[in-house]
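Notes follow once the structure below has been shown.
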2 protein chains.
Amino acid sequence: MDIRTLCLGVLTLGDATGYEIKKMFEDGMFSHFYEASFGSIYPALNRLTEEGLVECTQQAQEKRPDKKIYSLTSTGRSVFAAEITIPPGRDKLRSEFLVNVIFSEFLAPNQLRQVLDERIRFHHQQLDEMNKKADTCGANPARQFTLGYGLALHKAAAEYLTQNRDLLEDTSDTSNEAAE
Amino acid sequence: MDIRTLCLGVLTLGDATGYEIKKMFEDGMFSHFYEASFGSIYPALNRLTEEGLVECTQQAQEKRPDKKIYSLTSTGRSVFAAEITIPPGRDKLRSEFLVNVIFSEFLAPNQLRQVLDERIRFHHQQLDEMNKKADTCGANPARQFTLGYGLALHKAAAEYLTQNRDLLEDTSDTSNEAAE
DNA sequence: GGTTGCATGTAAATGGTTACATGATTGT
DNA sequence: ACAATCATGTAACCATTTACATGCAACC
């Protein structure tokens, strides 16, 4: 699944500009499980327009570039509907954090502590953010579900890290003794 | 963090061939949070050899290509040690599953059911695999920790999905009534 | 007789990011 | 004064995947 398809998906929720779509990946709905930069979104929208899957109505603005409001065409909608029925592939994850953990013997104790502190702080921050969003998303069950999913996982992660970090940190402490 | 660095990391654990490194990403230690194909590993090892970060001793084999056993040089080890102290970037995730969930109104009820069933099955399978590995990894606290982390997250995910799938599925059922 | 495992590699295509270019407005 | 927000876009670069090429051995 590429950015092109994701853009179609976003537009099923209502018309939007490229800039607004970017925000969905930055703060919005998708921010927790997908990323996309301007450099991929704008070309995607242009290509989708050429292919007739979206339409674009230009809206002149005084001192800024014209705002280009994209909307899904009926072709676009059915292309997306077809795309979304393809069984989802595996999640793709790259976690530098877990690489750090696996190779934590290479880290000084205070560095490891910092990495773990920061990670736990991050999970708590995500929990806060998601709790705030939970009110906003009202009666949409899909958004409630994904938010709940995010909450459940960040909570589990934060708890695991808090409760088990000593497994990692005790060893670095005792490695002097253990080596002797 | 690129495959090059990951290869250095793997080699800190002992000498290995490209083929063996690939297996680490397929079944081994890294399989749960990183992926890599031959097309990235072999060129990475060649480049690392050119740069003097790894060494390669060829081992002739009768009816197969020579086995190339790579080992870390001291330069390689210190380059890796430096690399690993860089604070980890954010996890990069792309979850087609969650895209499916967000846009689940586009799925027929039985398709959605299948997607959720499959996902729950997947988490249980991962739990099984990790439980099996837990015995194998003996006294290495870093591996125990990452495995425990994986177990905690897959468990939380499986539970959340099992307990809350009706949030998604009830709506598709009642959408006929709600629309009327 | 077909698939899996062993073992290496390359070339093309993919799909993205980063950095640049432009520029007013609003908030700190 | 400086950063952030709004708003679009391009070009160079990057890392990686996919598909191909080779080929025997062991298992089912």
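Chain letters run A, B, ... following the sequence lines, proteins first and then strands; every chain starts at 1.
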Inset, instruction - Mark up nucleotides 12-17 of chain C, 5' to 3', with B wherever a protein heavy atom is under 4.0 angstrom from a base atom, S wherever such an atom reaches only the sugar-phosphate, and - elsewhere. - result: ----SB
Donor-acceptor pairs are to be reported for all side-chain atoms of residues 18-27 of chain B against protein atoms at under 3.5 Å, with residues two or more places apart or in another chain.
from, atom 1, to, atom 2, distance (Å)
B:E20, OE1, B:T17, N, 3.0
B:K22, NZ, B:E26, OE2, 2.4

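Checking side-chain atoms of B:Y160 against main-chain N and O of A:G150 turns up no donor-acceptor pair under 3.5 Å.
Linking ILVMFWY residues whenever their side-chain heavy atoms come closer than 4.5 Å, directly or via other members, places A:F103 and A:L116 in the same cluster.
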Inset, instruction - Evaluate side-chain hydrogen bond (donor to acceptor under 3.5 Å, both in side chains) for A:T5 paired with A:D2, printing each intermediate quantity in order. - result: CA-CA 6 Å; A:T5 309; A:D2 52 14; 2.9 Å; yes
Inset, instruction - Could you go through the side-chain hydrogen bond (donor to acceptor under 3.5 Å, both in side chains) check for A:Q125 and A:E129 one step at a time? - result: CA-CA 6 Å; A:Q125 180 212 299; A:E129 266 183 37; 3.1 Å; yes
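Side-chain proximity of A:K67 to the nucleotides C:dT8, D:dA7, C:dG9 is greatest for D:dA7. Closest approach to the B:N46 side chain among D:dC6, D:dT8, C:dG9 is made by C:dG9 (side chain taken as heavy atoms from C-beta onward). If you check D:dG9, C:dC6, C:dG9 against the side chain of B:Y70, the one that comes closest is C:dG9.
If you measure from atom CD of B:Q58 to atom C1' of C:dT8, you get 10 Å, rounded to the nearest angstrom. Taking atom CZ on B:F25 and atom P on D:dA15, their separation rounds to 15 Å, with Å as the unit. Rounded to a whole Å, the CD1 atom of A:I69 is 9 Å from the P atom of D:dT8. Straight-line distance from the CZ atom of B:F30 to the P atom of D:dT16: 14 Å, rounded to whole Å. In this structure, B:E20 places its CD atom 13 Å from C1' of C:dG5, rounding to the nearest Å. In this entry the distance linking CG of B:L45 with P of C:dA7 reads 15 Å, nearest Å. Summarising the geometry, the separation between CD1 on B:I41 and C1' on C:dA7 is reported as 13 Å, rounded to the nearest angstrom. Atom P of nucleotide D:dT8 and atom CD of A:Q59 are separated by 11 Å, given to the nearest angstrom.
Within the 4.5 Å cutoff, the side chain of B:Y70 has no heavy atoms near those of the B:L48 side chain. By the 4.5 Å heavy-atom criterion applied to side chains, B:L161 and B:F97 are counted as neighbours. In this structure, B:R47 and B:C7 have side chains that are not in contact, with every pair of non-hydrogen atoms separated by 4.5 Å or more.
Below 30°, between 30° and 60°, or above 60°: for B:H123 and B:H154 the angle between ring planes is between 30° and 60°, a tilted geometry.
The C1' atoms of five pairs define one axis at each end of the helix from C:dG1-D:dC28 to C:dT28-D:dA1, and these two axes lie 50° apart (to 10°).
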